[in-house]
Amino acid sequence: ENACRKHLHHLTEKEHLFAREECVRCGACAAACPTEALNVCGEQKEAEEIIETVLRDRMFYEESGGGMTLSGGEPLAQFDFSLELLRLAREKGLHTAVETCGYSQRDLTLLHDVTDLWLFDIKLLDEEKHRAYTGVSNERILQNLRLLDSLHAKVVLRCPVIPDVNFDADHFSRIAQLAGSLQSVIAIHLEPYHPLGISKAEQLGMHQAYENRDFLNASDLSDAAEKLREQTGLPVQVL
C-alpha cells in the first residue's frame with residue numbers, strides 16, 4: 001500500500017482496492033508485493049535487445065525450420081517497431097512471420113520484403129456482424145489481405161471459431177469463397193474458442209462482454225475442416 005507513490009492501493013480487512021485507471025505502471029507495487037500477487041505485464045525493450053533474445057534459440061530454428069513470429073496483441077499497432085524488428089531478423093537470416101488482425105492504416109508493402117509468412121486473422125466476413133462484434137468494418141482488413149495477395153505473399157488464414165458468433169455453415173462457406181478468390185493462401189487454420197482470456201481480463205480489471213466459459217473442442221470443428229478441404233483444396237488444420 002505504501003509503495004505506490006500515487007497512493008492508488010487501499011487495503012481493508014476484506015479487499016484490495018486499486019485505482020487502476022490512474023496507474024502509471026511504475027512497477028513499485030509489484031516489486032514490494034511479498035506474495036507476488038501483483039506483477040507487471042510486459043516490458044519495454046529496444047529492437048536490438050529483442051533480437052538478442054530471439055537469437056539465443058537459433059539452433060532450434062535451424063532444426064525445426066522456425067524463426068521469429070510477431071504476435072500480439074496486434075504487432076501492426078506498433079508498425080515502425082515491428083518493421084525494425086523484422087529487418088533485424090532478416091539481416092540475421094531468420095525466417096519471419098507476422099500474426100495480424102489485418103486492421104492497419106499503414107502500407108503493408110513496407111513489411112512485405114522482410115516477412116516470409118503472414119498469419120492473417122479472419123474473424124467475420126459478414127460486414128454488419130464484424131462491425132457489431134469488433135467495433136470496426138472489415139473493409140480495410142480485406143483490402144490489406146488482397147494487397148498481400150497482389151504481392152504474392154505467403155498467407156495462412158487464421159479463423160477463430162466462437163459459439164453463437166461465427167460457428168455456422170454460412171461463415172465457413174464465406175471462408176471457402178474468400179480463400180478461393182486468392183492466389184497466395186497456402187493453408188487455413190481453424191482456432192476453437194477457449195475461455196482462457198476471461199481470467200486475464202479479470203486480473204486487468206477489464207469488462208468482458210462475452211463470458212462463455214465452455215471450451216470448443218477440436219473435434220467440434222472436424223466436419224467444418226473437412227468440408228473446407230474439399231471446397232478449397234487447401235490444407236486445413238484445427239489448432
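We're numbering straight along the sequence, starting at 1. Every value quoted in this text rests on a predicted model; they were computed, and no experiment measured them.
Contact record, S104 with F79: OG-CD1, 4.1 Å, taken as the closest heavy-atom pair. Across Y103 and S137, no two heavy atoms sit closer than the pair CE1-O, 3.9 Å. Looking at every heavy atom in both residues, F172 comes nearest to A224 through CE1-CB, 3.6 Å. The shortest non-hydrogen separation linking S82 to P75 is OG-O, 2.7 Å.
For Q105, the side chain to side chain donor-acceptor pair (under 3.5 Å) partners are R140, not counting sequence neighbours. With sequence neighbours excluded, the residues satisfying side chain to side chain donor-acceptor pair (under 3.5 Å) with E226 are R229. Take S71 and apply the side chain to side chain donor-acceptor pair (under 3.5 Å) test, not counting sequence neighbours, and it matches E99. Annotation: ring pair (Phe, Tyr, Trp, His ring centres under 6.0 Å) contacts of F18 (sequence neighbours excluded): H9. For the salt bridge (charged side-chain N to carboxylate O under 4.0 Å, His left out) test, no residue two or more places apart in sequence or in another chain qualifies with D107. For D149, the side chain to side chain donor-acceptor pair (under 3.5 Å) criterion is met by S184, not counting sequence neighbours. Residues satisfying the side-chain contact (heavy atoms from CB on, under 4.5 Å) test with R56, not counting sequence neighbours, are T53.
The list of salt bridge (charged side-chain N to carboxylate O under 4.0 Å, His left out) pairs with a residue in residues 77-88, not counting sequence neighbours, reads D80-R106. Each ring pair (Phe, Tyr, Trp, His ring centres under 6.0 Å) pair with one or both residues in residues 30-52, not counting sequence neighbours, would appear here, but there are none. Pairs passing the salt bridge (charged side-chain N to carboxylate O under 4.0 Å, His left out) check and including a residue from residues 164-184, sequence neighbours excluded, read D126-R174, D170-R174. Applying the salt bridge (charged side-chain N to carboxylate O under 4.0 Å, His left out) definition to pairs two or more places apart or across chains, those involving residues 61-76 are R58-E62.
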Trace of the side-chain contact (heavy atoms from CB on, under 4.5 Å) decision for V54 with Y61: CA-CA 10 Å; V54 171; Y61 310 146; 3.6 Å; yes
Step-by-step side-chain contact (heavy atoms from CB on, under 4.5 Å) determination, V156 to I188: CA-CA 6 Å; V156 174; I188 298 172; over 6 Å; no
side-chain contact (heavy atoms from CB on, under 4.5 Å) between V165 and F167, intermediate numbers included: CA-CA 6 Å; V165 176; F167 188 17; over 6 Å; no
E191 and R158: CA distance, side-chain angles, deciding distance, salt bridge (charged side-chain N to carboxylate O under 4.0 Å, His left out) verdict: CA-CA 7 Å; E191 301 175 303; R158 284 284 185 92; 3.4 Å; yes
Check against side-chain contact (heavy atoms from CB on, under 4.5 Å), N2 and C4: CA-CA 6 Å; N2 295 326; C4 179; over 6 Å; no
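Transitive grouping of hydrophobic side chains (ILVMFWY, heavy atoms separated by less than 4.5 Å) brings I186 and L119 into a common cluster. In this structure, L190 is a member of the same hydrophobic cluster as Y133, with clusters built from ILVMFWY side-chain heavy atoms closer than 4.5 Å. Hydrophobic clustering (ILVMFWY, side-chain heavy atoms < 4.5 Å, transitive): L70 and L55 are in one cluster. Clustering ILVMFWY residues whenever any of their side-chain heavy atoms sit less than 4.5 angstrom apart, transitively, puts L117 in a cluster other than the one holding V98. A continuous path of ILVMFWY side-chain contacts below 4.5 Å connects L151 to L110, so both sit in one hydrophobic cluster.
Distance alone, capped at 3.5 Å, places no donor-acceptor pair between the D121 side chain and the C159 backbone. Not one N or O on the side chain of T232 forms a donor-acceptor pair closer than 3.5 Å with the backbone of G180. Counting only distance, with no hydrogens or angles, the side chain of Y193 and the backbone of N217 share no donor-acceptor pair below 3.5 Å. Between the side chain of T96 and the main chain of M68, no donor-acceptor pair closer than 3.5 Å is present. Between the side chain of N144 and the backbone N or O of G102 there is at least one donor-acceptor pair closer than 3.5 Å. Remark: side-chain polar atoms of T115 are not paired, donor with acceptor, to backbone N or O of H112 under 3.5 angstrom. Distance alone, capped at 3.5 Å, is enough to place a donor-acceptor pair between the N166 side chain and the I162 backbone. Looking at H130, its side chain does come within 3.5 Å of a backbone N or O of V136 through a donor-acceptor pair.
Atoms CG and CG, on L234 and L157 in that order, are 8.0 Å from each other to the nearest 0.5 Å. The structure places CG of L83 at 11.0 Å from CG of L108, a figure rounded to the nearest 0.5 Å. Here NZ of K227 is found 12.5 Å from CD1 of I175. Values are rounded to the nearest 0.5 Å.
With side-chain heavy atoms closer than 4.5 Å counting as contact, directly or through intermediates, the hydrophobic cluster containing M59 also holds F60.
In this structure, Q143 places its CD atom where more than 12 heavy-atom neighbours from other residues, nucleotides or ligands lie under 6.0 Å away. E48 CD: more than 12 foreign heavy atoms inside a 6.0 Å radius. Within a 6.0 Å radius of CD in E15, other residues, nucleotides and ligands contribute more than 12 heavy atoms. Counting non-hydrogen atoms of neighbouring residues, nucleotides and ligands closer than 6.0 angstrom, the CD atom of E127 exceeds 12 such neighbours.
Exactly one residue among L145, V155, L148 makes a side-chain contact (heavy atoms from CB on, under 4.5 Å) with L182. That residue is L145.
Proximity of K92 to I51: side-chain heavy atoms (C-beta onward) are separated by under 4.5 Å at one or more points. Residues L76 and L111 form a side-chain contact, since some pair of their non-hydrogen atoms from C-beta on lies under 4.5 Å apart. At least one side-chain heavy atom of V238 sits less than 4.5 Å from a side-chain heavy atom of P192. Side chains of S150 and R146 form no contact here, defined as non-hydrogen atoms less than 4.5 Å apart. A 4.5 Å side-chain heavy-atom check between L125 and L142 finds at least one atom pair inside the cut-off. Contact check for I50 versus L85: side-chain heavy atoms found under the 4.5 Å cut-off. Looking at H194 and L216, their side chains never come closer than 4.5 Å, going by heavy atoms from C-beta outward.
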